[in-house]
K.L.:
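This is the structure I want to talk about, given as structure tokens.
Numbering of residues begins at 1 and proceeds along the displayed sequence. Just so you know, these numbers come straight off a predicted model, no measurement behind them.
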Amino acid sequence: MKKLMRKAFYPLIIIAICGVVAFVSQSCNKIIPPQDVSWSGIDDTLKVPIVSDTMMHLGIGTSSFSYNIDSLIKNKTSNAFSANNIAKVTLKSVKLTIVNPDNQNNWANYKFSALYFNSSVNTTQVLAANVPNNPDVYSDTLNLPVDNTIDLKSYLYSSSFSGPVKISYVFGGQLRRPTTKVLTVAAHVEYDIKVSL
């Protein structure tokens with residue numbers, strides 16, 4: 001009789017354990033809300049060669065760096081999230097600074113300036129930010145308006161890719177006046193990474 005009672009209770013005990021595990025799992029998901037991870041990227045330098053015409057040019061200055069996005073997210077969220085939890089990635093800002101400007105070589109030379117983005121995860125180039133009508137006024141700094149509707153998640157994470165991601169910036173533009181020297185341009189790009197369970 002006792003053996004029969006024990007056999008009858010085993011399924012009930014298993015059901016109870018499964019119920020507790022499901023409850024705890026759901027509770028954990030509710031305890032950790034989605035988060036925004038701000039990332040200033042890596043300030044990188046592009047060498048822009050002398051351009052002697054006023055045609056549209058893409059890829060006249062390029063740079064790249066590698067970064068472990070998974071480690072960044074784990075660090076910023078106290079290991080609550082990882083790259084697997086990326087929901088969306090958008091740009092917050094793009095600032096380009098000419099390190100060696102002069103009166104004949106600065107942002108006034110460019111009537112159109114753009115920064116394109118690609119990575120080792122996704123090599124398709126995307127227009128990240130641009131200034132279509134840059135004023136003809138001396139400036140060594142250019143803040144490019146970003147298109148924050150573009151989701152860059154596929155550029156920073158793929159389930160088939162692990163390790164550091166190589167991120168590449170490509171500068172393009174159209175000049176109103178030719179330049180007379182190679183320009184060194186520092187690119188500062190800020191990201192917003194949304195993560196959730």
Side-chain angles (χ1 to χ4, degrees), residues 25 28-49 51 56-99 110 112-132 141-174 182-197:
S25 176
C28 288
N29 284 347
K30 291 177 184 173
I31 290 170
I32 305 173
Q35 294 182 28
D36 285 349
V37 175
S38 289
W39 180 43
S40 293
I42 299 291
D43 288 352
D44 212 4
T45 302
L46 303 88
K47 292 289 187 184
V48 179
V51 180
M56 179 68 79
H57 291 274
L58 300 177
I60 53 176
T62 61
S63 71
S64 60
F65 62 92
S66 293
Y67 205 85
N68 193 319
I69 304 300
D70 187 56
S71 295
L72 167 82
I73 293 170
K74 286 177 178 174
N75 179 264
K76 294 252 185 175
T77 64
S78 301
N79 289 316
F81 297 97
S82 68
N84 293 332
N85 303 113
I86 294 176
K88 186 175 184 179
V89 178
T90 54
L91 293 181
K92 290 169 67 176
S93 65
V94 172
K95 181 168 89 171
L96 302 179
T97 303
I98 299 175
V99 178
Y110 287 85
F112 171 78
S113 297
L115 191 70
Y116 299 84
F117 181 96
N118 67 70
S119 75
S120 54
V121 179
N122 186 341
T123 57
T124 303
Q125 202 159 270
V126 63
L127 176 60
N130 72 95
V131 174
T141 302
L142 191 61
N143 291 299
L144 281 69
V146 299
D147 184 350
N148 56 17
T149 64
I150 297 173
D151 187 354
L152 298 173
K153 174 184 175 179
S154 67
Y155 288 83
L156 298 184
Y157 174 75
S158 168
S159 59
S160 61
F161 184 91
S162 63
V165 176
K166 182 179 178 183
I167 295 169
S168 297
Y169 299 142
V170 180
F171 175 73
Q174 183 176 11
V182 174
L183 299 177
T184 302
V185 178
H188 179 78
V189 180
E190 294 191 350
Y191 302 79
D192 184 42
I193 304 172
K194 296 187 185 302
V195 290
S196 63
L197 291 176

K.L.:
Testing the basics here: between Val131 and Pro145, what is the closest heavy-atom pair and its distance to 0.1 Å?
P.N.:
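So the two residues come closest at CG2-CD, 3.6 Å.
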
K.L.:
At their closest point, which heavy atom of Leu144 faces which heavy atom of Ala129, and how far apart are they?
P.N.:
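Looking at all heavy atoms of both residues, the shortest contact is CD2-O, 3.5 Å.
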
K.L.:
With the side chain counted from C-beta on, respond yes when Ile167 and Val189 share a heavy-atom pair under 4.5 Å apart, and no when they do not.
P.N.:
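They are not in contact (no side-chain heavy atoms under 4.5 Å apart), so the answer is no.
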
K.L.:
Identify every side-chain donor-acceptor pair in residues 85-95 under 3.5 Å, counting partners at least two apart or on other chains, and give the distances.
P.N.:
from  : atom 1 : to    : atom 2 : distance (Å)
Asn85 : OD1    : Ser82 : N      : 2.8
Lys92 : NZ     : Ser38 : OG     : 3.1

K.L.:
Say you draw a straight line from CZ of Phe171 to CG of Leu142; how long is it, rounded to the nearest 0.5 Å?
P.N.:
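So the CZ of Phe171 and the CG of Leu142 are separated by 7.5 Å.
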
K.L.:
Applying the side-chain contact (heavy atoms from CB on, under 4.5 Å) test to Ile98, which of Thr141, Val185, Thr184 qualifies?
P.N.:
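Output: one option passes, namely Val185.
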
K.L.:
Would you compute the distance between atom OH of Tyr116 and atom OG1 of Thr124 and round it to the nearest 0.5 angstrom?
P.N.:
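That separation rounds to 14.5 Å.
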
K.L.:
Taking C-beta and beyond as the side chain, do Tyr155 and Val121 meet within less than 4.5 Å on heavy atoms?
P.N.:
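The answer is no, as the side chains (C-beta and beyond) never meet within the 4.5 Å cut-off.
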
K.L.:
Could you list the residues that satisfy side-chain hydrogen bond (donor to acceptor under 3.5 Å, both in side chains) with Asn143, not counting sequence neighbours?
P.N.:
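Asn143 satisfies side-chain hydrogen bond (donor to acceptor under 3.5 Å, both in side chains) with no other residue.
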
K.L.:
What residues form a side-chain hydrogen bond (donor to acceptor under 3.5 Å, both in side chains) with Tyr157, not counting sequence neighbours?
P.N.:
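Partners of Tyr157 under the side-chain hydrogen bond (donor to acceptor under 3.5 Å, both in side chains) test: Asn84.
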
K.L.:
So which heavy atom on Ala187 is nearest to which on Leu46, and how close?
P.N.:
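What the structure gives for the nearest pair is CB-CD1, 3.6 Å.
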
K.L.:
Would you compute the distance between atom OG1 of Thr77 and atom CG of Asn79 and round it to the nearest 0.5 angstrom?
P.N.:
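Here the rounded value is 6.5 Å.
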
K.L.:
Do the side chains of Asp147 and Leu127 get nearer than 4.5 Å, heavy atoms only?
P.N.:
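Not in contact.
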
K.L.:
Report the residues that fulfil side-chain hydrogen bond (donor to acceptor under 3.5 Å, both in side chains) with Asp44, sequence neighbours left out, ordered by chain and then residue number.
P.N.:
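Ser63.
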
K.L.:
Looking at every heavy atom in both Ile73 and Ala83, which two are closest together, and how far apart are they?
P.N.:
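What the structure gives for the nearest pair is CD1-CA, 3.9 Å.
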
K.L.:
For a quick test of your reading: what N or O donor-acceptor pairs under 3.5 Å do the side chains of residues 190-197 make, sequence neighbours left out?
P.N.:
from   : atom 1 : to     : atom 2 : distance (Å)
Glu190 : OE2    : His188 : NE2    : 3.2
Tyr191 : OH     : Tyr169 : OH     : 2.7
Asp192 : OD2    : Lys194 : NZ     : 3.3
Lys194 : NZ     : Asp36  : OD1    : 3.1
Lys194 : NZ     : Asp36  : OD2    : 3.3

K.L.:
Is there a side-chain contact between Ile69 and Trp39 in this structure, where contact means two heavy atoms from C-beta onward sitting under 4.5 Å apart?
P.N.:
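A side-chain contact under 4.5 Å exists here.
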
K.L.:
So which atom in Phe117 and which in Ala128 form the shortest heavy-atom distance, rounded to 0.1 Å?
P.N.:
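Shortest heavy-atom contact: CB-CB, 4.1 Å.
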
K.L.:
Which pair of non-hydrogen atoms, one from Gly163 and one from Asn68, has the smallest distance, and what is that distance?
P.N.:
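Taking Gly163 first and Asn68 second, the nearest heavy atoms are C-ND2, 4.4 Å.
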
K.L.:
Enumerate the residue pairs fulfilling salt bridge (Lys or Arg N to Asp or Glu O under 4.0 Å) with a member in residues 68-86, sequence neighbours excluded, ordered by first and then second residue.
P.N.:
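Salt bridge (Lys or Arg N to Asp or Glu O under 4.0 Å) check on residues 68-86 returns Asp70-Lys74.
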
